[in-house]
Structures are given as structure tokens and as C-alpha cells.
**Q** 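One structure, as C-alpha cells, below. Some questions next.
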Amino acid sequence: MTGSPTWAEPWAVHEDEHVLVVAKPAGVNTHRADVHAQDGMYEWVQRQRPDVALSIVHRLDKVTSGVLVFGKTAVANRSLTRQFEERTVAKAYDLVTTRDDPPASAQTAQPIDGAAASTAFERRATGAVHHRYVATPHSGRTHQVRIHAEALGLPITGDVGHGGREAPRVYLHAGSIAFDHPEGGRRTYEVAAPPSFDDLVAGRGSPLGPAARFAAAHESRAALFDPADTDAYLWVDRDHDGFADLRIERLGRVALVLDYRDAEPDLPSGWIDGLHDTLDLDAVYVQHRPRGGGGGIARRVSGEAGPTFDVSESGVRYRIDLSASPTSSGLFLDQRETRREILRTDLTGTTVLNTFAHTGALSVAAALAGAETLTLDLSKHYLDWARENLRGNDIDPAAHDFIYGDAMEWMTRLAKKGRTFDLVLVDPPTSSTARKGSKRWTVGRDLHDLVTRAAMLCAPGGRVYVSTNFRKMQWPAFLDHVARGLDAAGRVGEVDTRTLPLDHRSGPGDPPYLKGAWIRLDG
């Protein structure tokens with residue numbers, strides 16, 4: 001795996017010298033709104049193609065899934081831009097609607113914001129309540145299909161803002177796109193609509209029931225991963241998927257429900273059944289994590305699977321233990337892109353220091369990329385877990401170093417000894433007390449001190465990765481800590497920020513909580 005990714009890319013529909021065609025899931029923007037917002041599909045795909053300069057040549061709404069095209073060359077960008085402007089690109093959208101007397105076809109040329117627009121609709125399937133159509137827009141106005149569907153009395157199910165009935169998602173999907181390829185000839189690219197579209201028309205379950213919500217939420221994540229190499233990701237993310245105060249992690253064949261409600265009522269049986277209906281699960285566990293603190297370890301509420309098992313991520317195996325901690329399964333899913341970034345980097349002959357290492361997932365990624373690692377944590381149990389994770393990926397722990405102790409103290413000791421590392425990883429808890437009677441360390445007050453210590457341990461031209469999931473810390477404060485830390489260390493760094501991966505969700509009033517920075521020192 002050293003130096004290049006080996007995981008599958010089911011989201012890549014077609015790629016050649018000029019274009020990259022992808023399948024965008026619902027709930028993901030085409031591109032991010034600003035530099036500190038969550039990545040859109042464009043930024044995420046660009047990170048998978050670091051040696052290619054991708055260009056956005058058309059867009060899909062956040063709520064819309066389906067086929068999306070990026071240009072890779074100046075020739076393709078000019079050609080596709082011209083074709084979109086001249087309206088010679090042919091697009092077709094799948095949608096689901098409700099109407100007592102669904103017409104076989106319909107068309108409107110209602111202007112949008114004073115501009116000419118035309119869309120044709122053709123019925124493809126009829127159910128007792130829901131009906132499936134294909135919409136063909138003959139212009140490219142913002143929200144055109146959604147606006148025209150409402151105007152014709154065919155509002156899209158889930159598109160409440162345009163007259164549609166409430167549903168787990170907006171049932172609109174970009175099914176195909178056709179254009180003249182820069183190499184010559186007319187090319188058509190297709191992405192099949194998710195199964196939930198047919199389920200809705202066929203009347204399989206209530207559209208507002210938990211099974212439908214779980215299915216829609218899972219479809220929007222699973223499209224990003226090949227189950228052969230990744231079976232661990234966030235399945236449900238609170239209100240973004242219709243379940244306030246609940247997150248659900250898919251961990252292999254186990255669903256872990258993270259319940260943030262203050263009270264701890266049993267999960268409704270319909271929710272548990274809905275999880276099993278969506279995936280062939282061996283067990284469902286619930287872990288209560290009230291926001292005021294407390295809670296306990298996960299408890300099994302269905303199935304037979306024990307609390308300890310392995311999962312796969314990007315072809316790497318990690319051990320999960322749901323009985324080990326009231327706050328962690330052993331794998332932080334929000335750091336997936338950090339592990340990917342390490343995996344795709346050739347670290348042969350380099351040294352990596354992983355502080356606050358937890359179960360050593362970042363150390364495993366670094367070792368697989370060719371590095372010699374030093375894993376540092378205050379828990380002997382977690383260090384043993386890290387060794388087990390290395391062994392699970394055919395890596396001999398004896399070829400790597402481990403230190404039990406306080407990260408702050410050991411970073412100081414290592415610096416005094418003149419130790420340096422090519423990569424220093426710093427993902428601390430929000431607060432920590434190394435030992436009884438010692439001063440409590442907090443991210444909000446002390447993160448810059450960690451950056452300083454990490455920078456002092458970093459070799460010339462090396463990198464530091466620092467992150468925090470402290471929700472109350474905003475980006476300006478986080479970046480100020482980074483700048484203060486580098487200044488105190490007498491180092492200059494090029495900072496590239498990161499936040500939540502695409503299986504996590506954010507939106508207006510709910511900014512992404514994870515703030516991370518890759519810092520290239522002395523660059």
C-alpha cells in the first residue's frame with residue numbers, strides 16, 4: 001500500500017484523460033461554501049486525485065444525488081462549458097411525486113427568475129400513492145426541475161420547500177448526462193437511482209417510517225465506499241437524517257446507536273427492526289452519551305454478536321470493542337480522511353510520532369505507508385490495543401516503539417533528547433489530567449502549547465497534523481492557536497485545513513465540529 005491508495009472507488013463512474021464522472025450522494029454539496037466548511041464532492045474527489053487539477057463544469061443541489069462531471073483538461077473545460085452554455089448537454093432526472101391523477105407526460109416553459117426555461121416530464125411507474133417520473137430539462141436554471149415539478153402539480157416527494165410531501169430525502173436523482181466528448185463522439189453516462197425510489201413507488205413501508213429513513217441515510221453514505229474494503233462509517237447523523245440526538249455508526253455487521261438524549265428510554269422496536277431491514281446485521285448496540293456527562297458502555301439490544309470484532313476501512317483492519325469505554329468504540333470515524341491522507345503518502349524511511357494515540361489507528365496507517373512509528377498514550381490498555389491493530393494488519397509491533405505516559409511531558413523529554421520526527425500527529429482529547437493533583441489541560445486554553453511542542457519535535461521540512469473536536473472552539477480561535485504555537489517554536493508553517501468526512505453531516509446552524517490542520521514546516 002505504500003505511497004498510493006489501493007481501495008476501490010465505486011463513486012467513480014468513468015474516467016479518462018479529459019473527464020472524471022462521479023456519482024454524488026444526496027446530502028453532499030457539489031463544492032464547499034468556504035475554506036473552512038465541510039468538503040463538497042469536488043474537494044473530496046480532488047483529494048483522491050492530488051496530481052490532477054479538476055474543474056467544476058456543472059453542479060447538483062445538495063439534496064440531489066446522481067451523475068456529476070468534472071473536467072480534467074483545459075480542452076475539456078472549454079468544450080463542456082460551451083456545451084452547457086449552448087444547451088446541447090442532455091440531462092435526465094429521476095424523481096418521485098404524489099398526485100391522484102398522474103399524467104403520462106407533462107411539459108412547462110415557465111420562466112425562472114425572468115429567464116427562459118423548459119422541462120418535460122414522462123411517467124415511468126405508478127404506485128398507489130407515489131409515482132416515478134423522468135424529467136428532461138432543456139435549460140439549466142437553478143432548481144429548475146424542482147420549480148417546474150411544483151408548477152405542474154407534480155411536486156417532488158421530500159421537497160417540502162417546493163410543495164412536496166415530507167420524506168426522508170428529496171427524491172430527485174440525476175440519472176444521466178450526455179455530451180460531445182473532447183475526443184470525439186457523443187457520450188452518455190448514467191447512475192442508477194437508489195433502491196429507495198422503487199421502494200417508495202411500490203409502497204414498501206411507510207415513507208416516514210424509521211426503515212425508510214434508515215435506508216435513505218445508508219444509501220447516501222454507502223455510495224462512497226466499496227463494502228469489500230470499507231464497512232465502517234457514520235450511518236445516521238442526528239436531524240440531518242431525521243433522528244434528533246442520535247448518531248448511528250455502521251461497524252461491520254453491527255450498528256452502534258449513540259444516544260445523546262438526557263433521558264435513556266428504550267429505542268422503539270420499530271427503529272431496531274428498521275436497522276435490521278436496511279442491513280443484514282448481527283447485532284444492534286446502544287450507548288447512552290448524555291450531553292451533560294455520564295452514560296455507560298454500550299449494551300446490546302438485539303442480535304447475538306459479541307462486543308469485540310474487526311472492521312475494515314480503506315482495506316485496513318481495526319479492532320472494535322464496544323465494552324471497553326463509554327466514549328469510544330476504538331475507532332474515531334471522523335478521522336477517516338486523516339488516515340487516508342497518511343495511507344496515500346509514501347512514508348518509506350520516515351519516522352512518525354503519534355501522540356494521544358488512543359488505539360493507534362493513525363500509527364497503523366503510518367506503518368502501512370512505510371514509516372517507523374512511535375505511539376504515545378497515557379493508557380497501557382490502549383497501547384496494547386494499538387499493538388493488536390498492528391498485528392491485525394501483518395505488522396510486527398516489535399519493529400515500532402511505544403511509550404506509556406503523559407503526552408505533554410514526553411514531548412518535552414523527547415525534545416530535550418534532540419529527537420525529531422518527519423510527521424507528528426496531535427489529536428488530543430478536549431481536556432485531560434495526567435495524574436492526580438496535576439494541572440488539568442484543556443484544548444480551549446492550551447492547544448497552542450501542544451502545537452509548539454509538536455513543531456519543536458518536527459524535522460525540517462516535516463509535517464504536523466493537529467486537530468480538535470471541541471465544538472465551542474471556532475475556526476479563528478483554532479487557527480490562532482496554530483499560529484501562536486508555531487511562533488513560540490520559532491517555526492514557519494504552511495497550513496492546510498481539514499474538517500469532517502462526507503459521511504458526517506453539517507448545515508446552517510450546525511457547523512462541522514472537527515477542526516484539523518496539516519502543517520508543512522519550513523516550506
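Position 1 is the first residue of the sequence, and the numbers go up from there.
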**Q** Does the side-chain contact (heavy atoms from CB on, under 4.5 Å) test come out yes or no for Leu20 and Leu54, once each step is laid out?
**A** CA-CA 8 Å; Leu20 174 57; Leu54 299 177; 4.2 Å; yes
**Q** Using the rule side-chain contact (heavy atoms from CB on, under 4.5 Å), only one of Val311, Asn389, Leu331 pairs with Arg319; which is it?
**A**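 Testing Arg319 for a side-chain contact (heavy atoms from CB on, under 4.5 Å) against Val311, Asn389, Leu331 leaves exactly one candidate, Asn389.
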**Q** Would you compute the distance between atom NE2 of His218 and atom CG of Leu279 and round it to the nearest 0.5 angstrom?
**A**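 His218 atom NE2 to Leu279 atom CG measures 4.0 Å (nearest 0.5 Å).
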**Q** Give a yes-or-no answer on whether the side chains of Arg221 and Tyr233 include a donor-acceptor pair shorter than 3.5 Å.
**A**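 Side-chain D/A pair, Arg221 to Tyr233: absent.
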**Q** Between Thr81 and Glu85, is any side-chain donor less than 3.5 angstrom from a side-chain acceptor?
**A**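 The criterion, which ignores hydrogens and geometry beyond distance, is not satisfied for Glu85 and Thr81.
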**Q** Using the rule given for side-chain contact (heavy atoms from CB on, under 4.5 Å), can you reason through Arg498 versus Ser467, listing the C-alpha separation, both sets of side-chain angles and the distance that settles it, and then say yes or no?
**A** CA-CA 9 Å; Arg498 297 287 192 274; Ser467 66; over 6 Å; no
**Q** Just checking, any donor-acceptor pair under 3.5 angstrom between side chains of Tyr465 and Asp427?
**A**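 Looking only at side-chain atoms, Asp427 and Tyr465 do not form any donor-acceptor pair under 3.5 Å.
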**Q** Quick one: sort the Tyr189 and Phe179 rings into parallel, tilted or perpendicular, breaks at 30° and 60°.
**A**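 It falls in the tilted class, 30° to 60°.
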**Q** Taking C-beta and beyond as the side chain, do Tyr93 and Tyr133 meet within less than 4.5 Å on heavy atoms?
**A**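 Of all side-chain heavy-atom pairs linking Tyr133 with Tyr93, none is under 4.5 Å.
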**Q** Determine whether a donor-acceptor pair (N or O, by modelled atom type, separation under 3.5 Å) exists between the side chain of Asp34 and the backbone of His36.
**A**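 Side chain of Asp34 to backbone of His36: a pair is present.
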**Q** Quick one: does any side-chain atom of Lys24 pair with a main-chain N or O of Val28 as donor and acceptor, under 3.5 Å?
**A**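 Side chain of Lys24 to backbone of Val28: a pair is present.
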**Q** Compute whether any side-chain donor of one residue and acceptor of the other, for Gln107 and Thr119, lie under 3.5 angstrom apart.
**A**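 Not at all, the side chains of Gln107 and Thr119 share no donor-acceptor pair under 3.5 Å.
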**Q** Taking Gln46 for its side chain and Arg49 for its backbone only, find out whether a donor-acceptor pair lies under 3.5 Å.
**A**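 Yes, the answer is positive, given that a donor and an acceptor are paired below the 3.5 Å cut-off.
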**Q** Considering only heavy atoms from C-beta outward, does the side chain of Glu219 approach that of Pro25 to under 4.5 Å?
**A**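 No, their side chains stay 4.5 Å or more apart.
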**Q** Given side chains that start at C-beta, do those of Arg146 and Val63 come closer than 4.5 Å, heavy atoms only?
**A**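 Arg146 reaches Val63 side chain to side chain.
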**Q** Assess Arg169 against Tyr171: is NZ or CZ under 6.0 Å from the centre of the six-membered ring, and within 45 degrees of the ring's axis?
**A**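 Satisfied, under 6.0 Å and within 45°.
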**Q** Starting at OG1 of Thr97, measure out to CG of Leu200 and round the result to the nearest 0.5 Å.
**A**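 So the gap between those two atoms works out to 10.5 Å.
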**Q** Could you tell me whether the side chains of His31 and Asn29 share a donor-acceptor contact shorter than 3.5 Å?
**A**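 No - no donor-acceptor pair under 3.5 Å links their side chains.
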**Q** Quick one: does Ile519's side chain get under 4.5 Å of Glu494's, heavy atoms only?
**A**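 Of all side-chain heavy-atom pairs linking Glu494 with Ile519, none is under 4.5 Å.
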**Q** Could you tell me whether a side-chain N or O of Lys515 sits under 3.5 Å from a main-chain N or O of Gln474, the two making a donor and an acceptor?
**A**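 Absent.
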**Q** Report yes if the side chains of Val191 and His173 come closer than 4.5 Å at any heavy-atom pair, otherwise no.
**A**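 A side-chain contact under 4.5 Å exists here.
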**Q** Answer with yes or no whether the side chains of His143 and Asp61 bring together a donor and an acceptor at under 3.5 Å.
**A**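 Side chains of Asp61 and His143: pair found under 3.5 Å.
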**Q** So which atom in Pro182 and which in Val75 form the shortest heavy-atom distance, rounded to 0.1 Å?
**A**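 Nearest heavy atoms, Pro182 then Val75: CB-CG1, 4.0 Å.
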**Q** For the CG atom of Leu234 and the CZ atom of Arg505, what is their distance to the nearest 0.5 Å?
**A**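 Spacing of CG (Leu234) from CZ (Arg505) equals 8.5 Å.
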**Q** How far does CD of Glu190 sit from OG of Ser176, to the nearest 0.5 angstrom?
**A**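 If I round to the nearest 0.5 Å, the distance is 5.5 Å.
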**Q** Strictly by modelled atom types, are Ser139 and Arg87 linked by a side-chain donor-acceptor pair under 3.5 Å?
**A**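 Side chains of Ser139 and Arg87: no pair found under 3.5 Å.
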**Q** Taking Gly40's backbone N and O only, do any of them form a donor-acceptor pair with Glu43's side chain (distance below 3.5 Å, no angle check)?
**A**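 Yes, the answer is positive, given that a donor and an acceptor are paired below the 3.5 Å cut-off.
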**Q** Is there a side-chain contact between Gln38 and Leu514 (heavy atoms, below 4.5 Å)?
**A**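 Of all side-chain heavy-atom pairs linking Leu514 with Gln38, none is under 4.5 Å.
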**Q** Taking Thr338's backbone N and O only, do any of them form a donor-acceptor pair with Glu341's side chain (distance below 3.5 Å, no angle check)?
**A**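 Not at all, since once roles are kept as given, no pair shorter than 3.5 Å links the two residues.
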**Q** Please determine, by modelled atom types, if Glu337 and Trp44 share a side-chain donor-acceptor pair under 3.5 angstrom.
**A**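 On atom types as modelled, these side chains qualify, holding a pair under 3.5 Å.
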**Q** Rounded at 0.5 Å granularity, tell me how far CG in Leu502 sits from CG in Asp39.
**A**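 Between Leu502 CG and Asp39 CG, I get 6.5 Å after rounding to 0.5 Å.
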**Q** Got Asn77 and Val57 here, is their nearest side-chain heavy-atom distance under 4.5 Å?
**A**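 Sidechains of Val57 and Asn77: in contact.
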**Q** Out of curiosity, Asp259 CG to Leu246 CG, how far, rounded to the nearest 0.5 Å?
**A**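 Rounded to the nearest 0.5 Å, the CG-CG separation comes out at 5.0 Å.
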**Q** What verdict does the side-chain contact (heavy atoms from CB on, under 4.5 Å) test give for Ile248 and Leu256, after you've listed the backbone C-alpha separation in whole Å, the side-chain angles of each residue and the deciding distance to 0.1 Å?
**A** CA-CA 6 Å; Ile248 301 177; Leu256 173 61; over 6 Å; no
**Q** Do Asn354 and Ser363 meet the criterion of a side-chain donor-acceptor pair at a distance under 3.5 Å?
**A**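 Checked: Asn354/Ser363 side chains pair up, N/O donor to acceptor below 3.5 Å.
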**Q** Will you find, in the side chains of Thr73 and Glu17, an N or O donor that is under 3.5 Å from an N or O acceptor?
**A**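 The criterion, which ignores hydrogens and geometry beyond distance, is not satisfied for Glu17 and Thr73.
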**Q** With the side chain counted from C-beta on, respond yes when Thr359 and Tyr318 share a heavy-atom pair under 4.5 Å apart, and no when they do not.
**A**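 They are not in side-chain contact.
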**Q** Can we call the ring centroids of Phe478 and His448 under 6.0 Å apart?
**A**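 Distance test on ring centres: not under 6.0 Å, no.
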**Q** For the backbone of Leu425 and the side chain of Thr355, can you confirm whether one donor and one acceptor N or O come within less than 3.5 Å of each other?
**A**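 A pair under 3.5 Å: yes.
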**Q** Strictly under 6.0 Å, is that where the ring centroids of His358 and Phe332 end up?
**A**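 Here the rings of Phe332 and His358 have centres that are less than 6.0 Å from each other.
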**Q** Strictly distance-based, threshold 3.5 Å: is any side-chain N or O of Asn393 a donor or acceptor partner for the main-chain N or O of Arg317?
**A**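 Side chain of Asn393 to backbone of Arg317: a pair is present.
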**Q** Between Val466 and Val482, does a side-chain contact (heavy atoms from CB on, under 4.5 Å) hold up when you go through it step by step?
**A** CA-CA 8 Å; Val466 60; Val482 171; 4.2 Å; yes
**Q** For Arg165, does the CZ atom have more than 12 heavy-atom neighbours from other residues, nucleotides or ligands under 6.0 Å away?
**A**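 No, the 6.0 Å shell around CZ holds no more than 12 heavy atoms from other groups.
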**Q** Would you say the rings of Phe214 and Trp271 are close, in the sense that their centroids are separated by under 6.0 Å?
**A**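 Not under 6.0 Å, so no.
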**Q** Does the side chain of His162 come under 3.5 Å of the side chain of Asp159 through a donor N or O and an acceptor N or O?
**A**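 The criterion, which ignores hydrogens and geometry beyond distance, is satisfied for Asp159 and His162.
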